[in-house]
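Since the structure comes first, as structure tokens, the remarks are kept for the end.
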Amino acid sequence: MKKLLSSLAFSALLLLTNSCRSGDKNEGAIEITLSGWQSNPIESRLLEKVIDQFEAKYPNIKVKHEVINSQYMDVIKTRLIGEVAPDVFYLDAFEAPLLMKYEVLEPLNSYIKSEFNLADFEPNLINAFKRNGNLYGIPKDFSTLALFYNETAFAKAKIQQPPKTWNQLIEYSKKLTLYDQTGKVNQYGFGITPELPRQQFIIQAFGGELVDRNHYAAFATPESLKGLQLVIEQYRHDRSSAQPSDVGASSGDDMFGQGKAAMMLSGAWTIPYFKETFPNLKFSTAEVPTINNRKGTMAYTVAYVMNRKSTQKEAAWKLIEYLTSEATMKESGSQGFALPSRRSVLKGLDSDRHSLYAPLIAGSTYATIWQAGETLPTILTNFDNQFVSALIGQQSLKDAMQKAQDTANREIYLSN
Amino acid sequence: MLNKTIWNKQSTRETVSGYLFMTPAIVVLGIFLIVPVIFTIVLAFYRVQLLGEVSFQFAGFKNFVRMRSDERVWIALKNTAEYVAIVVPIQTILALGLALILNTNIKGKSWFRVAFFLPTVTSSAVLTLIFMWIYNTNGLLNSFLGFFGLPTYNWLGDPDVALKGIMLMNIWATAPLFMVIYLAALQDIPESLYEAASIDGAAPWEKFWCITLPFLKPVTFFVIVMGIIGTFQLFDQSYIFSSGSGGPNNATLTIVLLIYQYAFKNLDMGYALALTLMLALVIMTVTLIQRSLFKEESLD
């Protein structure tokens, strides 16, 4: 036993010294860390390839790519506090205001040279990472929402065109809701995701606002309720829409892919996902139907940001610059998980996928960016909690939203 | 005089070597147990900002006053209390029942022991994922209920039943651990007592009531205390169930989940620590109440 232990300890020591030695070999090389989440193995492989190209171009910089998949922001925040955060990392626009406020990100203005052509980026996306004139992140890509519809289901219901207005959508949903012999629904017209990131543009459709100027919640107004009521009413009265858990699906995409919903709103990531997971699914996309004669959709964007405490800022910037360059964006854009944030690349997207991506691209001109100040996480939790309770009929929408707003604002007030 | 100093010296030497042997334990416990506890107690009275410029600002009882008007704290407390009140008695009775069955001479006793104990050694995260499949709208449980013509539920999405689903899962997973403890205690009860009772003409039920149960009292105390502490700290199941939000409509929000949300989602460390302190006090109070209830007779 003793012998075994000592030999174990010895081999552990040996391993340690070995790993030190291999570190010594690359002396002179700078190592920087890049952290992000992985939404798809293909996307990840592509990034690895780009990083290899980067390392070939800058032989003295070594990039350590690290994937954090669960509770990404909790991990990043904790590491920022502990000062062990990566040099470069992904940041969702929705979480950006908080990190920008606490000044843990490096302002990038001084690094950007004219060749980088910042003006090429979609201005809305750039603005999501600006605070007090400082730019803290370079958007890597974005996606809007579009209406996805099942062509087979549409053909069976003899509907030729996707809905253009929300009223049509509600009308079609009724036709597309199919029952089996026992009266159980086996296909719903519309799949909904009752979460704030998917509902913000509906709040705005009749002139409502999510937050006021001081970033307090302000969505319990009659205007906001008018939009949200459409969602609630369809679910409760028409019973022609369903949330994923109603049909035992893990997500909206899953529900649509399984044929349990004939229409849904989703983003660019869904298109390659369907091609891989549900290759026989016949689907198409259209712009989100207008509500109150207004076009609206959501846009989600993620940027590369630099840690202010990074010791290798020059190298970190080189990496960001490379990853967001036109050439790189062209390559990763061809995978179709998201839309490129550079307008020049967006324009040049090849034409055979044009029909599926066109509504998503069209949406980018009028989309609401999913972002609303550093109080948004609190508002999000409270909204989601109460909206679901209104959806399943525990209380009226008005009461639920008032409660969500009051609770959120009290929390915001107390944490200030 | 001289003798005494030598003795003294020896004792100091012994003390020093004693502490030296304990150093690893003291260091580990100190860093991972005592220092965090002290930090919790002190920082609960502060406003802490950790991200960016680190700052501590004395806040007095502000964090505790804030709890009173925080609706979610009350919901979490209510959920947790409901959870404890339902899970602890059921799992204790179930554990006792299983132990009694396994203590008789039924066939395949050891096989049953292993089978019953399996859920306890499985990771709770894995169990939760398995149960989420069972609870799926088209899952096993609903098919089973539907087969017998019973009402089916959206176990994951309906606030009325979401917490019940977690309760069911937890009872199933933890009862076997307590069963093993009961089983060990049952085997310590002298057989002669039962024989004497039989001679006196006691019925099986009387034997259970007058011999088995009193003998198991200290174990029951232990089982209930451990059960209450475990259930008060419910976190991982409701976290996975609601993917961290405590929803639907706060139905699966527990105190530990709320603490987690304040600490890591809102980075409100001071308030989160105040909540932690509150939870510790609640658990301590409940344990003390139990001790006074069990004390009188467990002395013999």
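Numbers restart at 1 for each chain; the letters A, B, ... are given by sequence-line order, proteins then strands.
No other option in B:N142, B:N266, B:L51 has as many heavy-atom pairs under 4.5 Å with chain A as B:L51. Contact count versus chain B (heavy atoms, under 4.5 Å) is highest, among A:L99, A:V104, A:L414, for A:L414. Note: A:N385 leads A:D384, A:T378, A:N385 in heavy-atom pairs under 4.5 Å with chain B. Here A:D246 is the residue among A:T407, A:D246, A:L80, A:N382 with the most heavy-atom pairs under 4.5 Å with chain B.
Contacts between B:L253 and chain A at a heavy-atom distance below 4.5 Å are absent for every atom of the residue. The part of A:Q394 that comes within reach of chain B is its side chain, from C-beta onward, which places non-hydrogen atoms under 4.5 angstrom from that chain. Contacts of A:V247 with chain B are made by backbone atoms alone, with heavy-atom separations under 4.5 Å and no side-chain atom involved. For a residue to count as touching a neighbouring chain, one of its non-hydrogen atoms must lie under 4.5 Å from one of that chain's; by this rule A:E411 touches chain B with backbone and side chain alike. Heavy atoms of B:N250 lying under 4.5 Å from chain A belong to its backbone as well as its side chain.
Judged purely by distance below 3.5 Å, without hydrogens or angles, the side chains of B:Q237 and B:N170 pair a donor atom with an acceptor atom. Side-chain contact, B:D70 with B:Y271: a donor N or O sits under 3.5 Å from an acceptor N or O. Between A:T381 and B:Q261, the side chains place no donor N or O within less than 3.5 Å of an acceptor N or O (distance only, hydrogens not considered). At a cut-off of 3.5 Å, with distance as the only test, no side-chain donor of B:Y153 or B:D160 sits close to an acceptor on the other residue. For the residue pair A:K77/A:Q71, the side-chain donor-acceptor check at 3.5 Å is not satisfied.
The pair B:E82-B:K164 meets the salt-bridge criterion, with a side-chain N (NZ, NE, NH1 or NH2) lying under 4.0 Å from an Asp/Glu carboxylate O.
For B:F45 and B:F64, the ring centers sit closer than 6.0 Å to each other.
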